[in-house]
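Report on one structure; see the data block that follows.
Values in this document were obtained by computation on a predicted structure and should not be read as measured data.
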Amino acid sequence: MARDTDPTPRNRLPEARPVLNIEVEHASGIEHFDPNTQIMALIVRPEFVAAWKPLDGPVSVISGAPAIIVRTHDLELPLTVDEYAGLVGNELEPHEFKALLARYGSFFEIHDDFYDPRTGEAWQAKGLRPQFRASVAALRSGLDSAGEPGILPGPKA
């Protein structure tokens, strides 16, 4: 099996967070997930995630576009909502993977079980990003993901 070409951790938070406590900050608030619930949010409620708006100020370390902030165990990742969906689904594009590897070194979500460290090819893509992108397109058109006029559900109380 290939190994990361430069696994040296970089740009880590000064204090680590609990491993299973993932925080996503967007313009409307902060969501708390564990690894499984963030995957389930993209599977069951992609329209909820698609409705997140970027924060004022932060820009994605991948694209330079306005970003949300994803806080994992020891990282704070400014990403677009689409890039977040790619990260959660292990389906980043090779250039996205390479940008994260260059900035942070190897970390769990992009390590060599999920991506080829030389090419950036995803090996275990979950296929969530196409459904997420369909939800984004539906939001922009004012329809739900089935193509019907709809109201998006809010976060669970």
Side-chain angles (χ1 to χ4, degrees), residues 1-14 16-27 30-55 57-141 145-147:
M1 177 181 292
R3 294 288 170 219
D4 292 331
T5 55
D6 183 9
T8 307
R10 297 181 287 289
N11 300 308
R12 303 305 165 124
L13 294 173
R17 303 168 47 80
V19 173
L20 297 179
N21 182 356
I22 299 164
E23 189 175 273
V24 180
E25 184 176 358
H26 53 89
I30 298 175
E31 311 302 329
H32 296 273
F33 297 109
D34 62 42
N36 292 330
T37 58
Q38 71 178 348
I39 292 168
M40 290 307 297
L42 282 167
I43 293 171
V44 177
R45 301 183 70 213
E47 66 281 352
F48 171 67
V49 177
W52 293 348
K53 302 289 183 231
L55 297 162
V59 296
S60 165
V61 296
I62 294 173
S63 63
I68 61 173
I69 301 293
V70 181
R71 295 180 186 97
T72 65
H73 174 64
D74 61 351
L75 291 172
E76 186 170 280
L77 304 160
L79 301 171
T80 67
V81 180
D82 182 68
E83 292 161 353
Y84 167 76
L87 181 72
V88 171
N90 296 332
E91 51 197 306
L92 293 168
E93 297 292 329
H95 75 277
E96 295 170 327
F97 163 82
K98 289 175 183 180
L100 291 177
L101 186 63
R103 168 91 177 167
Y104 299 104
S106 184
F107 55 96
F108 178 75
E109 291 84 355
I110 67 166
H111 78 280
D112 62 7
D113 283 345
F114 300 129
Y115 294 91
D116 182 315
R118 287 182 213 87
T119 68
E121 177 186 358
W123 285 338
Q124 296 187 33
K126 292 179 177 65
L128 304 177
R129 217 167 181 184
Q131 178 181 341
F132 169 78
R133 288 176 172 167
S135 291
V136 169
L139 272 175
R140 288 183 182 153
S141 70
S145 57

Test side chain to side chain donor-acceptor pair (under 3.5 Å) applied to Thr72 and Glu109, step by step: CA-CA 10 Å; Thr72 65; Glu109 291 84 355; 4.7 Å; no
- request: Show the numbers, then the answer: is there a side-chain contact (heavy atoms from CB on, under 4.5 Å) between Leu101 and Ile110?
  value: CA-CA 8 Å; Leu101 186 63; Ile110 67 166; 4.1 Å; yes
task: Go through the steps for Phe108 and Phe114 under the test ring-ring contact (aromatic ring centres under 6.0 Å, His included), then give the verdict.
output: CA-CA 9 Å; Phe108 178 75; Phe114 300 129; 5.5 Å; yes
query: Are Asp82 and Val136 close enough, and set up right, to give a side-chain contact (heavy atoms from CB on, under 4.5 Å), and what steps lead you there?
result: CA-CA 9 Å; Asp82 182 68; Val136 169; over 6 Å; no
query: Taking it one step at a time, do Glu96 and Arg103 satisfy salt bridge (charged side-chain N to carboxylate O under 4.0 Å, His left out)?
result: CA-CA 11 Å; Glu96 295 170 327; Arg103 168 91 177 167; over 6 Å; no
task: Could you go through the side-chain contact (heavy atoms from CB on, under 4.5 Å) check for Asp112 and Ser106 one step at a time?
output: CA-CA 8 Å; Asp112 62 7; Ser106 184; over 6 Å; no
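No side-chain donor-acceptor contact under 3.5 Å links Glu31 to the backbone of Glu23. Looking only at distances, a side-chain donor or acceptor of Glu91 sits under 3.5 Å from a matching main-chain atom of Leu128. In this structure a side-chain-to-backbone donor-acceptor pair under 3.5 Å is missing from Tyr115 to Lys98. Side chain of Thr37 to main chain of Asp34: a donor-acceptor pair is present (N/O by atom type, distance under 3.5 Å, no hydrogens or angles). At distances below 3.5 Å, not a single donor-acceptor pair connects side-chain atoms of Asn90 with backbone N or O atoms of Lys126. In this structure a side-chain-to-backbone donor-acceptor pair under 3.5 Å is present from Arg10 to Ala102.
Salt-bridge formation is not detected for the pair Asp74/Arg17: no Lys NZ or Arg NE/NH1/NH2 atom is positioned less than 4.0 Å from an Asp or Glu carboxylate oxygen. Remark: Arg12 does not engage Glu76 in a salt bridge, criterion side-chain N to carboxylate O under 4.0 Å.
In this structure, Ile22 and Pro35 approach most closely via the heavy-atom pair CD1-N, 3.7 Å. Shortest non-hydrogen contact noted between Pro58 and Leu55 is CD-CB, 3.8 Å. Pairing each heavy atom of Arg71 with each of Glu25, the nearest pair is NH2-OE1, 2.7 Å. In terms of heavy atoms, Leu79 sits closest to Val61 at CD2-CG2, 4.3 Å. Closest approach of Pro54 to Ala27, counting heavy atoms only: O-CB, 3.4 Å. In plain terms, the two heavy atoms of Trp123 and Pro117 that are nearest each other are CH2-CD, 4.3 Å.
Partner Val88 forms a side-chain contact (heavy atoms from CB on, under 4.5 Å) with one of Val49, Val70, Leu42, Ile43 and no other, that one being Leu42.
A heavy-atom distance below 4.5 Å is not found between the side chains of Glu121 and Phe97. Put simply, the side chain of Leu77 reaches to within 4.5 Å of the side chain of Leu87, judged on heavy atoms. Side chains of Lys53 and His26 form no contact here, defined as non-hydrogen atoms less than 4.5 Å apart. Between Val81 and Phe132, some side-chain heavy-atom pair lies under the 4.5 Å cut-off. Residues Gln131 and Glu47 form no side-chain contact, since every pair of their non-hydrogen atoms from C-beta on lies 4.5 Å or further apart.
From Ile69, atom CD1 reaches atom CD1 of Ile30 across 10.5 Å, with rounding to the nearest 0.5 Å. Interatomic distance, OG of Ser60 versus CG of Leu100, reported as 7.5 Å (0.5 Å rounding).
Using bins of under 30°, 30° to 60° and over 60° for the plane-to-plane angle, the ring pair Tyr84/Trp52 lands in the tilted bin.
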